[in-house]
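Per chain, numbering begins at 1; letters A, B, ... match sequence-line order. In this text, all values refer to a predicted model and were calculated from it rather than measured experimentally.
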Amino acid sequence: MAETTQIEEIKPPITDVGVIGWLRQHLFNGLFSSIATLLILGFLVRVIPQFIQWAFIDSVWFTSGQECHQAEGACWSVITQNIRFTIFGYFPYEHQWRPLVAMIILVGMLIYSREWDRWNKRLGYVWIFALFVMGLLMKGGLFGLVPVESTKWSGLPLTLLLSFFGILASYPLGVMLALGRQSQMPIIKSLCVVYIEMIRGVPLITMLFMSSVMFPLFLPEGVTIDKVLRAQAAIILFTAAYIAEVVRGGLQAMDRGQYEAAESLGLNYFQMMRMIILPQALKIVIPPTVGILISAFKDTSLVVIIALYDILNTTKSVLSEPEWTGFSTEAYIFIAMIFYVCCFSMSQYSRRIEKQLEYKHTPNQES
Amino acid sequence: MSTEQTSNQTPSAEGTPIIEIIEMHKWFDDFHVLKDINLEVRPQEKIVVCGPSGSGKSTMIRCINRLEEHQRGKIIVNGTELTRDLKNIERVRTEVGMVFQHFNLFPHLTILDNLTVGPIWVRKMPKKEAEELAMHYLEIVKIPEQAQKYPGQVSGGQQQRVAIARSLCMKPKIMLFDEPTSALDPEMIKEVLDVMVDLAREGMTMIVVSHEMGFAKEVADRVIFMDFGEIVEENEPFEFFDNPKHDRTKLFLSQIL
């Protein structure tokens with residue numbers, strides 16, 4: 001007891017802890033860092049108040065285009081007044097609740113599926129049912145729902161549709177291509193190599209053009225394939241090639257011993273891939289895979305060039321109306337936010353799943 | 001694991017060989033890695049293979065379950081000749097268990113799942129039965145309490161014992177060990193060797209690539225010395241270690257002792 005009172009508790013220097021310590025370490029750590037901090041601070045001080053003035057103080061929110069032109073600040077009215085067209089495009093006005101419900105179902109299902117241990121057979125059936133309901137809502141024609149042509153599908157539902165199915169279908173296709181490229185069978189291997197390299201050597205725009213302009217020329221007369229479907233196919237085929245290369249990287253990162261252990265148990269090729277190799281390889285490549293899926297999501301806006309109206313294109317048509325010309329900054333900020341929310345969610349979603357799939361590595365000492 | 005055998009029981013001479021390797025050659029590209037290998041292994045026989053690194057000993061046992069392909073000669077395992085025929089290869093692999101230097105457990109599966117994946121998918125065993133079988137073998141290797149952990153959570157010696165149990169769950173007729181203790185910390189070697197000794201006493205047919213002399217003397221019926229892709233010398237363990245015939249064997253033994 002006596003000893004403890006004798007020992008004086010020595011505290012670290014006041015400049016090393018607390019707010020001052022933090023500032024010193026992170027903002028003024030040396031000459032260069034101090035200058036950078038001051039420059040950035042100066043820049044922010046000039047820019048932020050101006051932006052706030054423009055975006056919030058001088059802005060107008062629910063006015064007509066005429067009043068907007070007189071306003072000093074941002075004209076958010078371009079969004080609020082046209083929100084339904086921007087989001088739903090040419091979908092018949094009185095039926096726009098249908099894509100809305102479909103989108104809510106999609107988002108709800110995605111949120112529910114975010115826990116890895118909920119992924120089982122039952123959830124698979126629920127997904128199939130949900131997809132059926134969403135398709136029905138979009139297309140109609142049953143249960144008293146008025147049929148809506150897929151050419152009228154536009155705006156955010158179209159963006160989500162193209163990217164969701166693009167991702168859903170291109171992932172397994174990409175995995176198969178990656179396995180094919182590693183195959184011992186020369187024909188399968190070269191087919192996969194040729195496919196992957198050809199697709200990767202062509203811009204997505206070209207693929208979309210080919211699917212919408214050239215492809216119909218090869219079809220017999222009278223046969224037409226839905227334009228949305230063709231764009232969808234182009235996106236799937238395109239994304240799959242990129243996924244394939246990423247997955248191949250994961251397969252190559254696998255220890256040879258894993259293959260050998262699986263083989264020596266007598267597992268056949270498909271069992272080995274399904275039970276042993278792919279679960280590990282696909283997990284390794286989650287980060288780059290998500291990178292590809294995010295860029296695939298953003299690339300769906302390229303369907304503009306084959307005259308499909310995704311959310312970017314509906315915004316453009318709003319801006320081309322005389323009443324709303326000149327407010328592209330506001331409109332594009334809004335679109336950017338939508339894209340940002342989607343992409344950021346994808347990234348968070350994948351990190352969550354990645355974390356749940358992490359298996360423990362720390363050796364445990366107790367035994 | 002039914003009959004109780006006395007240790008070092010000499011296998012019946014008249015038993016037909018369970019493994020026959022006849023004039024087998026193998027090349028890695030141009031490198032002649034195995035030269036004219038001839039080996040017969042009778043049921044319940046225990047063979048220890050040793051030799052300097054690069055001598056082809058691992059390659060030889062990996063040929064027996066076709067992890068490596070031989071280019072000339074014949075390998076017949078339990079009556080099935082190894083050819084390109086995938087069905088034959090898979091049949092042989094279900095009868096031959098293999099334990100690797102680096103364990104090669106499946107890190108994404110629990111220890112229990114590591115053990116049941118073979119029985120469930122290859123033997124088509126119901127899950128419950130496979131789990132009972134797995135627990136039985138985990139008890140034999142003395143770590144039933146680790147069943148729900150992941151391989152990364154247990155020590156190297158325990159991982160290797162899990163690997164042995166994983167092979168045993170397939171009820172193999174032959175067990176191959178490829179330097180099972182050389183990646184282990186010294187204090188863990190014994191626990192793995194103990195399991196292997198038990199296994200040998202139960203009458204398993206074993207081919208072990210190892211330099212563990214004590215183990216060889218305790219359980220082996222024959223020791224084989226390989227160098228430069230050839231079987232140089234073959235003898236009973238005591239004779240082999242105490243009285244090596246060949247110069248290369250003498251040199252090698254002088255280096256490892």
Side-chain angles (χ1 to χ4, degrees), chain A residues 116-117 119-121 175 179 182-188 247 250-287 289 350 353-367, chain B residues 61-62 64-68 84 86-87 89-110 113-124 142-143 145-146 148-159 163 166-167 169-170 172 175-176 178 183:
Chain A
W116 179 251
D117 45 15
W119 290 31
N120 54 27
K121 223 177 212 168
V175 172
L179 292 177
Q182 297 225 314
S183 165
Q184 308 281 337
M185 286 171 269
I187 295 177
I188 292 182
V247 171
L251 290 173
Q252 282 175 348
M254 290 295 297
D255 179 15
R256 184 79 214 128
Q258 293 289 307
Y259 291 88
E260 289 177 353
E263 282 174 351
S264 71
L265 282 177
L267 295 176
N268 65 32
Y269 177 81
F270 295 102
Q271 292 168 337
M272 172 172 78
M273 283 300 162
R274 193 181 137 207
M275 317 292 299
I276 310 299
I277 304 300
L278 284 178
Q280 297 183 63
L282 295 182
K283 186 185 160 291
I284 300 174
V285 295
I286 286 178
T289 309
S350 74
I353 286 188
E354 200 178 351
K355 232 182 204 149
Q356 287 171 358
L357 288 180
E358 215 156 76
Y359 31 85
K360 290 144 195 158
H361 274 300
T362 41
N364 104 348
Q365 304 299 333
E366 88 216 21
S367 45
Chain B
I61 70 164
R62 287 157 59 86
I64 295 172
N65 69 349
R66 196 73 170 191
L67 289 182
E68 303 286 353
R84 291 244 158 90
L86 270 179
K87 280 272 160 297
I89 294 172
E90 274 163 23
R91 187 182 320 138
V92 165
R93 282 174 178 164
T94 60
E95 285 158 5
V96 179
M98 179 134 191
V99 175
F100 299 87
Q101 181 178 4
H102 295 288
F103 331 135
N104 296 353
L105 294 175
F106 307 130
H108 62 302
L109 300 177
T110 62
D113 290 341
N114 263 276
L115 267 64
T116 56
V117 67
I120 289 175
W121 292 93
V122 180
R123 297 267 189 239
K124 311 290 176 206
K142 306 182 194 82
I143 36 175
E145 72 283 358
Q146 310 282 34
Q148 296 305 330
K149 287 192 182 154
Y150 286 86
Q153 292 175 292
V154 302
S155 72
Q158 290 176 331
Q159 288 192 43
R166 177 175 69 181
S167 290
C169 279
M170 291 296 291
M175 285 287 284
L176 308 174
D178 188 0

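The environment of A:K121 atom NZ is sparse: at most 12 non-hydrogen atoms of other residues, nucleotides or ligands sit within 6.0 angstrom.
With rounding to the nearest 0.5 angstrom, the CG atom of A:N268 is 7.5 Å from the NZ atom of B:K87. The line from CZ of A:R256 to CG of B:N104 is 10.5 Å long, rounded to the nearest 0.5 Å. Between the CG atom of B:D113 and the CE atom of A:M275 there is a distance of 8.5 Å, given to the nearest 0.5 Å.
A pairwise comparison of heavy atoms in B:V117 and A:L265 identifies CG1-CD1, 4.0 Å as the closest pair. Between A:A261 and B:F106, the shortest heavy-atom distance links the atoms CB-CE2, 3.8 Å.
A:E263 meets the salt bridge (charged side-chain N to carboxylate O under 4.0 Å, His left out) test with B:R93; sequence neighbours excluded.
Only the backbone of B:V96 comes within less than 4.5 Å of a heavy atom of chain A; no side-chain atom from C-beta onward does. For a residue to count as touching a neighbouring chain, one of its non-hydrogen atoms must lie under 4.5 Å from one of that chain's; by this rule A:D255 touches chain B with the side chain only. If you measure heavy-atom distances from B:R62 to chain A, the contacts under 4.5 Å come from the side chain alone. For B:L105, the part sitting under 4.5 Å from any heavy atom of chain A is the backbone (N, CA, C, O) and nothing else.
Side-chain contact between B:F100 and A:S264: present, with at least one pair of heavy atoms (C-beta onward) separated by less than 4.5 Å. By the 4.5 Å heavy-atom criterion applied to side chains, B:M98 and A:E260 are not counted as neighbours.
Under the 3.5 Å distance criterion, the side-chain polar atoms of B:H108 are left unmatched by any main-chain donor or acceptor of A:I277.
Listed by first then second residue, pairs satisfying salt bridge (charged side-chain N to carboxylate O under 4.0 Å, His left out) with a partner in residues 264-275 of chain A number zero, not counting sequence neighbours.
Most heavy-atom pairs under 4.5 Å with chain A, from the set B:R66, B:E90, B:Q101: that is B:E90.
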